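Here is the structure we will look at, set down as structure tokens.
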Amino acid sequence: MKSLLIDADYLLFRTMAACEVEAELGDEIWVRWADLGQVREAFWETIEDMRKEWPDDEFVEFVLCWTGPSAFRKRLDPAYKANRRGTVKPIGWKRIKAELLEESNSWLHDEIEADDWLGIMPSFFSDYVVVSGDKDLDQVPGAHYWPWKEEKHWTVTPEDALRRFYEQVLSGDTVDNIPGCPGIGEVNAKRIVDKFNLHDETDCWQQIVSKYGEQMRKKRDWRSPLDIATIQARLVRILQPGEYDTTNRTVNLWTPPTLKLSSVQSEQG
């Protein structure tokens, strides 16, 4: 059985934005409005179209993954997503999202985001597809699908996923107000990570910390490069299987391989 793990916030936002209408009432007065019945119909029709993308499968189920307040990341850095405060959602957003959250196959926890659900849920399903147009999800290995991309089906290998993670540790994420390594953008991050031996995670991480130290010294920032790089890594990381306890709703924060190595050596010593 095929299981579609859907980034529901992403899909709903796209659907509602497409259904929203602007109208001029006269005397330079404009309003926005939406027919929520049309939104609801378009949302479910899109999901049905997605399920038909696999006609050879006898049954294609779907799971709606929603974003909560991102509590654990905001504890790591209160500035996380602070740049989004005041952002206007589509008309009727709260009403429709609350309605969809009543669906039995909807998942939302305050601690984590839809991206994290899409990262941890593959451990629950044997045959899954990650459904999202968010490039951050390329941290998640496996089959991916988004009908509005030019290449709507693609596969992320474990190596691709690890590479994407390292790139984001360096580049950060301006959309989520994650600064990353000073002076390193997406292009430079990719160039740096392309030279990594992905089979040696300890060396990869040491190179990342070294790059943080180099760039921070240029800025006369004397904080610990290891501490800053670790926080950035934990902010950008899409949670993977085993990194979130769905019962107790607790996050098992990612630990740098150098710290894991130090811990093992201490125990052996």
Side-chain angles (χ1 to χ4, degrees), residues 1-20 34 38-57 59-68 70 81 84 87 89-90 93 96-97 100-101 103 105-108 112-168 171-176 178 186 189-190 236-241:
M1 179 172 61
K2 187 79 68 180
S3 300
L4 306 185
L5 311 181
I6 299 174
D7 185 345
D9 283 278
Y10 203 111
L11 176 59
L12 180 60
F13 192 98
R14 189 186 191 287
T15 303
M16 297 194 76
C19 292
E20 201 168 80
Q38 181 187 15
V39 169
R40 192 178 294 112
E41 182 178 359
F43 184 85
W44 290 116
E45 283 182 353
T46 300
I47 289 181
E48 283 306 307
D49 288 342
M50 288 177 173
R51 294 172 72 179
K52 293 174 184 176
E53 192 71 17
W54 289 269
D56 295 333
D57 286 82
F59 184 69
V60 179
E61 66 173 347
F62 64 91
V63 179
L64 300 176
C65 301
W66 300 95
T67 290
S70 313
K81 287 190 174 180
R84 296 195 189 184
T87 301
K89 294 284 191 182
W93 172 266
I96 291 293
K97 182 169 179 176
L100 292 172
L101 281 169
E103 296 288 326
N105 53 351
S106 278
W107 290 76
L108 180 146
I112 64 175
E113 306 181 23
D115 291 3
D116 299 311
W117 281 119
L118 294 168
I120 63 179
M121 277 200 164
S123 62
F124 303 160
F125 302 95
S126 59
D127 187 7
Y128 66 89
V129 179
V130 174
V131 181
S132 177
D134 187 345
K135 62 182 181 181
D136 293 351
L137 269 300
D138 282 346
Q139 285 189 37
V140 182
H144 287 244
Y145 168 69
W146 191 243
W148 297 281
K149 284 189 68 172
E150 184 176 351
E151 184 180 350
K152 59 184 179 179
H153 292 275
W154 70 101
T155 301
V156 175
T157 67
E159 291 77 16
D160 292 336
L162 188 58
R163 184 180 295 107
R164 178 62 182 159
F165 170 57
Y166 289 148
E167 289 174 1
Q168 288 199 276
S171 68
D173 188 337
T174 56
V175 174
D176 290 338
I178 302 172
E186 288 189 24
K190 186 178 186 309
V236 301
R237 184 170 179 80
I238 304 301
L239 296 182
Q240 304 289 311

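What you see is a predicted model, and the numbers here were worked out from it, not measured in a lab.
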Item to check | Distance-only polar pair, side chains of S171 and E186, donor-acceptor under 3.5 Å | outcome: no
Next on the checklist: Closer than 4.0 angstrom, basic N to acidic O: yes or no for E113 and K81?
Outcome noted: yes
Looking only at atom types and distance, does a side-chain atom of [X] sit under 3.5 Å from a main-chain N or O of [Y], one as donor and one as acceptor?
| X | Y | result |
| --- | --- | --- |
| Q139 | V236 | yes |
| D160 | D138 | no |
| D116 | L239 | yes |
| D134 | D136 | yes |
| T67 | A114 | yes |
| S106 | L100 | yes |

Do the side chains of [Y] and [X] get nearer than 4.5 Å, heavy atoms only?
| X | Y | result |
| --- | --- | --- |
| L118 | I238 | no |
| R40 | W44 | yes |
| W117 | I112 | yes |
| Y128 | V130 | yes |
| F59 | R51 | yes |
| K89 | K97 | no |
| V140 | P122 | yes |
| F43 | I96 | no |

Item to check | Criterion side-chain contact (heavy atoms from CB on, under 4.5 Å) on D7 and F13, from CA distance to verdict | outcome: CA-CA 10 Å; D7 185 345; F13 192 98; over 6 Å; no
Enter the distance from [X]:[atom1] to [Y]:[atom2] here, rounded to the nearest 0.5 Å.
| X | Y | atom1 | atom2 | result |
| --- | --- | --- | --- | --- |
| K135 | H144 | NZ | NE2 | 15.0 Å |
| E103 | W66 | CD | CH2 | 9.5 Å |
| I6 | M50 | CD1 | CE | 5.5 Å |
| M16 | Q38 | CE | CD | 10.5 Å |
| E41 | T15 | CD | OG1 | 12.0 Å |
| R237 | D115 | CZ | CG | 13.0 Å |

Next on the checklist: Would you say CH2 of W146 has more than 12 non-hydrogen atoms from neighbouring residues, nucleotides or ligands within 6.0 angstrom?
Outcome noted: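 Correct, the count exceeds 12.
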Checklist entry - If you count the non-hydrogen atoms of other residues, nucleotides and ligands that lie under 6.0 Å from CD in E151, is the total more than 12? => result no
[X] versus [Y], closest heavy-atom pair with distance:
| X | Y | result |
| --- | --- | --- |
| P147 | K152 | CA-CB, 4.0 Å |
| E20 | P90 | OE2-CA, 3.3 Å |
| V156 | A161 | CG1-N, 3.7 Å |

Checklist entry - Should the pair W107 and F124 be assigned to parallel (<30°), tilted (30 to 60°) or perpendicular (>60°) ring geometry? => result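 If you compare the ring of W107 with that of F124, the planes turn out tilted.
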Checklist entry - Given N105 and E61, is the side-chain contact (heavy atoms from CB on, under 4.5 Å) satisfied, shown in steps? => result CA-CA 9 Å; N105 53 351; E61 66 173 347; over 6 Å; no
Next on the checklist: Using side-chain contact (heavy atoms from CB on, under 4.5 Å), reason through I47 and L11 one step at a time and then give a plain yes or no.
Outcome noted: CA-CA 9 Å; I47 289 181; L11 176 59; 4.0 Å; yes
